Amino acid sequence: MTIDFGLSKEQLDIQKAVREFANAEFTKDYILELELGHKFPFELWKKACDLGFIAIDYPEEYGGQGYNLLERVLVTEEFCRQGGGVGNSLMLSNFGCKLILKHGSEEQKRKYLIPACQGEAISWAAFTEPDRGSDLVTFPLSTTSVRTNNGSYLINGTKTFITNATIASFGTVLCQTDFQAKPPYRGQSIMIVERDLDGVEVTEWAKMGMNYSPTTDLSLKNVRVSQENLLGEENRGFYYAMEFLNEVRIEIGAMGVGIAQGAFDRALNYSRARTAFGRKIGEFQAISHKLAEMATKIETARLLAYKAAFEFDNGTAGSKVCSMAKWYSARVAVEVADEAIEILGGHGYMLENEVERFYRDAKSLELVEGTREIHKNIIARNLLGRLS
Ligand SMILES: Cc1cc2nc3c(=O)[nH]c(=O)nc-3n(C[C@H](O)[C@H](O)[C@H](O)COP(=O)(O)OP(=O)(O)OC[C@H]3O[C@@H](n4cnc5c(N)ncnc54)[C@H](O)[C@@H]3O)c2cc1C
């Protein structure tokens, strides 16, 4: 058995190209302007799409680069390292498109994936409801999709905390389609919904961080879609969603690694430059030990995220490694950004010094795609099996 922790020459070239792009384009002033204006980075997104970064792991026939998840993880990490939440908003601009890639018809793939890969359309993926977040299984969803006599579907309900819906052209929506199914999740289906359809309304939440992508309520009132908007098979939606979330969780892990590394970089530079009591603060053991701990946590999180992506690309990633990568990296991002604020002292609390933003952006990673409690439940279930 061989274990090779190195990236290939091609992967190193991708990493270098993304790093150079992010260093040149994600300037401090530009990100501050986006943060204060709560703006999605449209210009940056277009450039990143044109360079093939956003759809790096989509097939070339739909406008992607044909690489795998590990390469996407490398792009995500570098974007988040330089831009924190800006990287998150860029990489989630095609949120839900992997569902279409995996389960869509050829017509659906051409219609939705090509514009998303080419920087002409943004998308959402809607699972959460006001009364159902972690638990999508115990009760039927309140968002329903009912087949009418002429074969079309009528969708009603509200999804909450949906990333991108105000700026997106289309998205996927998990709906209840079979109301007798037991357990109820066996009666869920995914519908593709276009933003400009009659009955679709979106309202935006104000939030703590991640201010470069809108988080919205998506209200669907008698929204009529055709049979062609059903994704894959009816009543298979829950299974598609769980499989999709496993993949996205690895990507969230990469965001955590990038955000943690970005906060660490800034704390390291500050420790070399700042003086107190006639010495560089990095000379105080209390500070240098913080840096040592931060660097070790980041390295551990990175290894886990890369391992999960590697296993995913080889078809062997189970829910355990995906949950480990997501939960651990998100936690490390929060802890490292917290310590970075501490190292910068009062300067760390100020908006223009970036680390407080890394902290606020990091916190959202612990909540999206399953809270840390849910991920520990998944990991523990894998370890213990069924006990009763
Ligand atoms: C910035 C942001 C963007 C988001 N984007 C999207 C999106 O694009 N699409 C989408 O569908 N959703 C999105 N979400 C929603 C997110 O996935 C949910 O918030 C998350 O799944 C948790 O659901 P909830 O908020 O309803 O919390 P709840 O499920 O109500 O949980 C509340 C608390 O109870 C705990 N808890 C619940 N069940 C258990 C249990 N069995 N064991 C132990 N503890 C438990 C939770 O861990 C949590 O601490 C987003 C959220 C945020 C913050």
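All values reported here derive from a predicted model rather than from experimental measurement.
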Undergrad: Give the other cluster members for Leu12, using side-chain heavy-atom distances under 4.5 Å between Ile, Leu, Val, Met, Phe, Trp and Tyr residues; answer none if it is isolated.
TA: Leu7, Leu69, Leu70, Val73, Leu74, Ile250, Tyr306, Phe312

Undergrad: Taking only residues two or more places apart in sequence or in another chain, which ones pass side chain to side chain donor-acceptor pair (under 3.5 Å) with Glu356?
TA: Arg360

Undergrad: Would you mind checking if Glu234 and Arg147 are paired as a salt bridge, meaning a charged N to carboxylate O distance below 4.0 Å?
TA: yes

Undergrad: Charged N to carboxylate O below 4.0 Å: is that the case for Arg302 and Glu299?
TA: yes

Undergrad: Give a yes-or-no answer on whether the side chains of Asn94 and Ser123 include a donor-acceptor pair shorter than 3.5 Å.
TA: no

Undergrad: Compile the donor-acceptor pairs under 3.5 Å between side chains in residues 333-342 and protein atoms, sequence neighbours left out, one pair per line.
TA:
residue, atom, partner, partner atom, Å
Glu335, OE1, Lys297, NZ, 2.8
Glu335, OE2, Arg331, NH1, 3.3
Glu339, OE1, Lys290, NZ, 3.4

Undergrad: Search all heavy atoms of Gln188 against all heavy atoms of Leu174 and return the closest pair with its distance.
TA: OE1-CD2, 3.3 Å

Undergrad: Any chance you could lay out the salt bridge (charged side-chain N to carboxylate O under 4.0 Å, His left out) test for Glu373 and Lys376, step after step, and finish with the verdict?
TA: CA-CA 5 Å; Glu373 290 77 21; Lys376 287 180 192 175; over 6 Å; no

Undergrad: So, is the end of the Arg236 side chain (NZ or CZ) under 6.0 Å from the ring centre of Tyr239 and within 45° of the ring's axis?
TA: yes

Undergrad: Which residue in the set Glu233, Gln108, Glu243 passes side chain to side chain donor-acceptor pair (under 3.5 Å) when paired with His103?
TA: Glu243

Undergrad: Do other residues, nucleotides or ligands put more than 12 heavy atoms under 6.0 Å from the CZ atom of Phe310?
TA: no

Undergrad: Carefully, step by step, assess Glu194 and Lys111 under the rule salt bridge (charged side-chain N to carboxylate O under 4.0 Å, His left out).
TA: CA-CA 11 Å; Glu194 284 164 28; Lys111 182 170 177 188; 3.2 Å; yes

Undergrad: Could you tell me whether Phe95 and Phe244 have their ring centroids closer than 6.0 angstrom?
TA: yes

Undergrad: Consider only side-chain heavy atoms of I, L, V, M, F, W and Y, link residues closer than 4.5 Å, and tell whether Leu92 and Ile162 are in one cluster.
TA: no

Undergrad: Please determine if Glu77 and Arg81 form a salt bridge, counting it only when a charged side-chain N lies under 4.0 Å from a carboxylate O.
TA: no

Undergrad: Mark yes or no: Lys98 above the aromatic ring of Tyr240, with NZ or CZ under 6.0 Å from the six-membered ring centre and no more than 45 degrees from the axis.
TA: no

Undergrad: Between Lys47 and Glu43, does any NZ, NE, NH1 or NH2 come within less than 4.0 Å of an OD or OE carboxylate oxygen?
TA: no

Undergrad: Examine the side chains of Asn382 and Ser319 and answer whether a donor and an acceptor come within less than 3.5 Å of each other.
TA: yes

Undergrad: Strictly below 4.0 Å, N to O, side chains only: are Glu61 and Lys109 in salt-bridge contact?
TA: no

Undergrad: Is the shortest side-chain heavy-atom distance between Leu141 and Leu136 below 4.5 Å?
TA: yes

